[in-house]
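Every chain is numbered from 1, with letters handed out A, B, ... down the list of sequences. Not measured: the values here are computed from a predicted model.
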2 protein chains.
Amino acid sequence: MNSQDVILGLLHRRPLTGYEIKNTFERPLSFFFDAGFGTIYPTLAKLESLGYILKESVEQDNRPNKNVYAITEAGRARFKAYLESPMEKDTYRSDFLIRLFFAHYQDRETLIEWIREEIAAAEAEYRALQDGMPDWEPQMTRAQLLCAQIGIASSEAKLRVLREGLAEIERSSEP
Amino acid sequence: MNSQDVILGLLHRRPLTGYEIKNTFERPLSFFFDAGFGTIYPTLAKLESLGYILKESVEQDNRPNKNVYAITEAGRARFKAYLESPMEKDTYRSDFLIRLFFAHYQDRETLIEWIREEIAAAEAEYRALQDGMPDWEPQMTRAQLLCAQIGIASSEAKLRVLREGLAEIERSSEP
DNA sequence: AAGGTCATGTAAGTGGTTACATGATTCT
DNA sequence: AGAATCATGTAACCACTTACATGACCTT
């Protein structure tokens, strides 16, 4: 799974510009995949050179011209091949957890700050997901709903453990 | 946060060979960070060239010679600088969630198979964490315990949602 | 006047994966 | 006899990030 596959998936529904693809990544897809312009534009160029998508230049008034990309039959086949390939295992990369792992080389205050920061980040994500749900839900498939529910449930679980852990650390060895 | 930082963190406790570092990544650290030999050896070479670690060749009987790497003062300073740098936000990369997002381009049987696979993977991880805990717990710091608890709680939450979702999908549109 | 939106791209670099290459010893 | 353990490394490649470069229009 890589940006090529995901972009091909997005173009399945309708032709899009690089800029629109970037916006699609904002919400709610961004919770489990993201890409910047520095990835999107080179990837579109590559997909075009491979014959998976076709570029159409569209002139606009009062706006910069845009390149709209549409998926080809070869592109659909490529995407299907991805869906049929063996599933890759999930990876969770967390600077926070690595810091926790080595926290005994730092002072207690820093540890507490890290946990507070992580709680704030998890709360923000949790709220963004919950607040967005009413907007997205009507147009989401059942499987997409599952995606969102997994995100929400994981955030909840993480927050619960983090809050308990923080309370315990704050209680202990305090004057 | 990258392999350099993590390896420097591991060498804080005692000098290690590349092979030992790889083993350390197995359990329990591997749940939130992993690296293969193709990353470890070049990283060790780089860290040495930067003066953060020192190599000592040790001859062994009946075994290949090994290179034991010890952290230097500059290495400790480097690691401290990492711990004091701004915390990076977590990234969760999931082929499974991407597939769920595009599941409507596949048939129902495949969707069910994906979910079953993901449940099996999450169960395996959950069990590995739970089974390992009694062994690791005595030598773990409180912060490391928190790491493990977050992993366990997230797996639980994910499993719960996945099982409910699977049941619902199996119920619906079934003969 | 400042900041946001629409719009596209390149260049250089980082960081990591995969496959290859070797080989003795010990356990089952 | 075969698999696992101990042990180290390189080369080619891939994917992605960051910074740079440009510029008009619209909203506050």
Atom-pair distance ([atom1] on [X]; [atom2] on [N]), nearest Å:
X: B/L16; N: D/dC6; atom1: CG; atom2: P; result: 14 Å
X: A/K46; N: C/dG9; atom1: NZ; atom2: C1'; result: 17 Å
X: A/I21; N: C/dC6; atom1: CD1; atom2: P; result: 15 Å
X: A/N65; N: C/dG9; atom1: CG; atom2: C1'; result: 14 Å
X: A/D5; N: D/dA15; atom1: CG; atom2: C1'; result: 12 Å
X: A/E59; N: C/dT8; atom1: CD; atom2: P; result: 14 Å
X: B/N67; N: D/dA7; atom1: CG; atom2: C1'; result: 9 Å
X: A/L50; N: D/dA15; atom1: CG; atom2: P; result: 10 Å

*Given that B/Q4 and B/R63 both sit by DNA chain C, which one's nearest nucleotide is further toward the 5' end?*
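The residue mapped nearer the 5' terminus is B/Q4.
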*asked:* If you assign each of B/T39 and A/F37 to its closest nucleotide in DNA chain C, which residue comes earlier from the 5' end?
replied: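 Per heavy-atom nearest nucleotide, the more 5' residue is A/F37.
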With the side chain of [X] defined as its heavy atoms from C-beta on, choose the nearest nucleotide among [options].
X: A/N2; options: D/dT10, D/dA15, C/dT8; value: D/dA15
X: B/Y19; options: D/dC6, D/dT10, C/dA7; value: D/dC6
X: A/R93; options: C/dT10, D/dC6, C/dG16; value: C/dG16

*asked:* Check this one for me: any side-chain N or O of B/Q60 less than 4.0 Å away from OP1 or OP2 of D/dA7?
replied: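 Looking at the OP1 and OP2 atoms of D/dA7, one of them is under 4.0 Å from a side-chain N or O of B/Q60.
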_Any A/N23 side-chain N or O less than 4.0 Å from OP1/OP2 of C/dT5_ =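 No.
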_Checking salt bridge (Lys or Arg N to Asp or Glu O under 4.0 Å) between A/R163 and each of A/E118, A/E123, A/E168, which is the one that passes?_
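The option that passes is A/E123.
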*Look at B/R78 together with B/D5 and state whether they make a salt bridge at an N to O cut-off of under 4.0 Å.*
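Here B/R78 pairs with B/D5 in a salt bridge, since their nearest N and O are under 4.0 Å apart.
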NA contact type, [X], heavy-atom cut-off 4.0 Å: base, sugar-phosphate, or nothing?
X: B/G38; result: base
X: B/F33; result: nothing
X: A/T43; result: nothing

_Can you confirm whether the side chains of B/N2 and B/Y82 place a donor and an acceptor under 3.5 Å from each other?_
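Looking only at side-chain atoms, B/Y82 and B/N2 do not form any donor-acceptor pair under 3.5 Å.
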*Hey, would you say the B/F102 and A/F79 ring centroids sit under 6.0 Å apart?*
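Yes, close enough.
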*Start at the 5' end of DNA chain D and walk down; is the nucleotide closest to A/P42 or to A/P64 reached first?*
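Mapping each residue to its closest nucleotide by heavy atoms, the 5'-most match is A/P42.
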*asked:* Once you measure the plane-to-plane angle for B/H12 and A/Y105, does it fall in the parallel (<30°), tilted (30-60°) or perpendicular (>60°) bin?
replied: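 Correct class here is tilted.
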